[in-house]
Amino acid sequence: MLIRQLQSVDIRPIPTAHLTTTMSLLVLNISELSEKIISEMAANPAMDIVEGHFCPNCQRPLLDSTHCPICSRPKDLDSSNPIVFVSARNDFHNHPLESEDLENDFEDYTYETEDLPTYVLKQISSELEIEDRPIAAHILTSLDEDGLLRNPLIEIAAFYHVSPRQVERVQKIIQSADPLGVGSSSPKQALLVQLEILSQTNDIPPHTKEAIAEGWDFLTHQQYPELSHLLGVTITQAKEIARFVGSNLNPYPARANWGDARQPTTPYRGAFYRPDVIISLLNNDENGPLVVEVISPIDGKLQVNPLFRSGIKDADPDKLEQWHSDLERATLFVKCLQQRNQAIVRLMERIVTIQHDFILNGDSYLQPLTRARLAREIEVHESTISRSVSGKTALLPSGKIIPLSKFFDRSLQVRTELQKIIQEEGQPLTDMELVDLLMQRGYKVARRTIAKYRSMEGIMPSHGRKKLKPKKLIYQSP
DNA sequence: CTATGGCACGGATT
DNA sequence: AATCCGTGCCATAG
């Protein structure tokens, strides 16, 4: 229902790429594919969805016939063989996996499983006047991947022929919704909103608001002397403010629960909040096999409508040509979809086997892996891998949603090692010293690179780290 | 003078 | 062919 609403006012045009080969479906992530299928269904009468059914045993929704891949698994569990299959589980928080513990966890990140706009809209819908709804929907669908609104309010106001004042009011309502500060026009504004709310229940360092509002540049550049001067407080106090902001506020609301603060340079591709694949542990058993579900955007199996196919011989001669092309198109589309799913399944089988430890134990266990190597191993073209990976996300057993590209991150190991060293450092270490320490641990990196990694991880330079608790700072220099 | 960040180059990856 | 990433050089902040 709400999704409908959003779609009806979404101003972002759906890219009208022509369906030529299977590749054009492979690049799409789950949200995009979902839209694609909907529009294809609407345009082509030969398309048909047969309802999936549920496994009588575990209630898992199934696409392909009778046998649930989990229930029908061999009794002797082999943890090195993941179970990979296409699943229709769109609303998987309603179908918690095997254990009850997991169910609780699911509560926490339910909102990650639907797209951000929908999640926010649900919260605020009761506060909205009817006439505000299109505006709210417009704002929410225009958010960038950080959860910020880059379009000027004026434009939106002009678009709907309302006063900027009114748009602003809607924005305020949105900002107070759960990823606090979502829909703000800038990181700065997001912080101010969060601060405002936080100050109602917590003590905050004095002058924090002024620091953000007026000393923004100083704050983001860690120019504490200047900041302290501006606010008329001591340098220590200025640092305290920075620390407070860094560890309690989040300039990019949408990144709240992401596995990684950085966003790969993927253009906005719809919702990042719905994973394309879900990786979980069977029965939550750490030694059990991994269950990998490649999510299908529809809860049924797409097919060519058999009635249409058989009815074609009785077709009105005028329309025969049209019917034929519909039929052909539908057949192609179904085939493409199958190939897409199959490609991702094969890819995931391999990835999950290689990165098993990473999935269970975290960043430092990531194996070096390139798309090229994977392409050789499963004997597909490199570009197939690229397309399958790009713009897609996976939900890990830990509850984090990561981009699939993280499985191919070349420097993640070093960066986590770096983090560890800095966490445990007594005195702040300079980049040069860090180079040596990493060298001892078998990582060869240049001094300059350390600096890059630090800023990626949001770690301050050595002088900025003095005696401050090494908490992850979120903002980066602009 | 030392540590760090910016710019840009070249090789690797996609 | 386009993009990403590590690195060297140099300016500048501390």
Side-chain angles (χ1 to χ4, degrees), chain A residues 21 23-24 26-29 145 215 217-230 234-236 238-239 242 260-269 343-344 347 350-351 354 363 366-392 403-419 421-422 425 427-439 441-468 470 473 475-478:
Chain A
T21 71
M23 292 191 295
S24 56
L26 197 51
V27 278
L28 305 182
N29 68 22
E145 68 267 31
D217 286 341
F218 295 146
L219 194 59
T220 52
H221 290 102
Q222 292 116 39
Q223 295 168 339
Y224 303 121
E226 291 86 343
L227 186 62
S228 65
H229 183 253
L230 177 78
T234 66
I235 294 195
T236 317
K239 284 185 182 172
D260 196 328
R262 292 170 311 117
Q263 190 65 59
T265 54
T266 332
Y268 183 92
R269 321 176 119 254
I344 301 182
L347 173 83
R350 195 72 196 118
I351 289 188
I354 295 175
D363 292 354
L366 187 78
Q367 297 293 317
L369 177 66
T370 69
R371 294 163 172 78
R373 180 186 137 199
L374 204 62
R376 280 199 308 278
E377 288 186 5
I378 62 179
E379 293 171 315
V380 293
H381 193 75
E382 292 181 10
S383 62
T384 310
I385 305 283
S386 285
R387 289 179 218 273
S388 313
V389 165
S390 76
K392 304 202 179 60
L404 284 191
S405 58
K406 190 161 174 175
F407 287 114
F408 302 90
D409 193 317
R410 272 175 284 169
S411 57
L412 189 69
Q413 274 182 303
V414 197
R415 293 206 309 274
T416 45
E417 196 64 36
L418 182 70
Q419 274 188 324
I421 296 180
I422 294 180
E425 77 188 354
Q427 284 302 303
L429 299 165
T430 66
D431 288 358
M432 227 12 165
E433 292 164 324
L434 289 168
V435 172
D436 290 339
L437 281 172
L438 281 174
M439 182 69 88
R441 304 186 184 207
Y443 299 101
K444 179 183 138 302
V445 260
R447 189 238 99 211
R448 188 63 193 80
T449 311
I450 300 286
K452 280 262 158 73
Y453 288 170
R454 267 199 0 263
S455 77
M456 281 171 134
E457 303 294 337
I459 301 170
M460 285 214 248
S462 60
H463 26 270
R465 296 203 303 272
K466 290 207 168 107
K467 302 233 164 139
L468 285 183
L473 272 201
Y475 39 68
Q476 327 236 335
S477 17

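Letters go in sequence order (proteins before strands), and every chain restarts at 1.
- Atoms CG (L412(A)) and P (dC5(C)) sit 12 Å apart, rounded to a whole Å.
- Comparing atom distances between the S386(A) side chain and each of dT14(B), dT4(B), dC5(C) picks out dT14(B) as nearest.
- Residues H463(A) and P428(A) fail the side-chain proximity criterion, which asks for heavy atoms closer than 4.5 Å.
- Relative to the side chain of T430(A), the nucleotides dA3(B), dT13(B), dT7(C) differ in distance, and dA3(B) lies closest.
- Between L429(A) and K452(A), it is L429(A) whose nearest contact on DNA chain B lies nearer the 5' terminus.
- Rounded to whole Å, atom P of dG6(C) lies 6 Å from atom CE of M456(A).
- Side-chain N/O atoms of S390(A) include none lying less than 4.0 angstrom from OP1 or OP2 on dT14(B).
- Counting heavy atoms from C-beta outward, V445(A) and L418(A) have side chains that stay 4.5 Å or more apart.
- One interatomic measurement links the two molecules: CG of L418(A) to P of dT4(B), which rounds to 12 Å at whole-angstrom precision.
- We find that NZ of K406(A) is positioned 14 Å from P of dC5(C), with the value rounded to whole Å.
- Taking atom OH of Y453(A) as the reference point, atom P of dC5(C) lies 9 Å away to the nearest angstrom.
- Remark: P of dC1(B) and CE of M432(A) are 16 Å apart, rounded to the nearest angstrom.
- In this structure, CZ of R415(A) is placed 9 Å from P of dC5(C), rounded to the nearest angstrom.
- When rounded to the nearest whole Å, the span between CD of Q413(A) and C1' of dG6(C) equals 16 Å.
- Side-chain N/O atoms of S462(A) include none lying less than 4.0 angstrom from OP1 or OP2 on dA3(B).
- The base of dG6(C) has none of its N or O atoms less than 3.5 Å from a complementary donor or acceptor on the side chain of R447(A).
- Formation of a donor-acceptor pair under 3.5 Å by the Q413(A) side chain with backbone atoms of L366(A) is found in this model.
- In this structure, of dG5(B), dA3(B), dT7(C), it is dG5(B) that holds the atom nearest to the side chain of P461(A).
- Among dT7(C), dC5(C), dT14(B), the nucleotide with an atom closest to any side-chain atom of A446(A) is dT7(C).
- A donor-acceptor contact under 3.5 angstrom links the side-chain atoms of R448(A) to the base of dG6(B).
- Contact annotation for V445(A): backbone-only contact, meaning every heavy-atom pair under 4.0 Å involves sugar-phosphate atoms and none involves a base.
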**Q.** Evaluation steps, side chain to side chain contact (heavy atoms under 4.5 Å, CB included), between L434(A) and D431(A)
**A.** CA-CA 5 Å; L434(A) 289 168; D431(A) 288 358; 4.0 Å; yes
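- Side-chain polar atoms of T416(A) and Q419(A) form no donor-acceptor pair below 3.5 angstrom.
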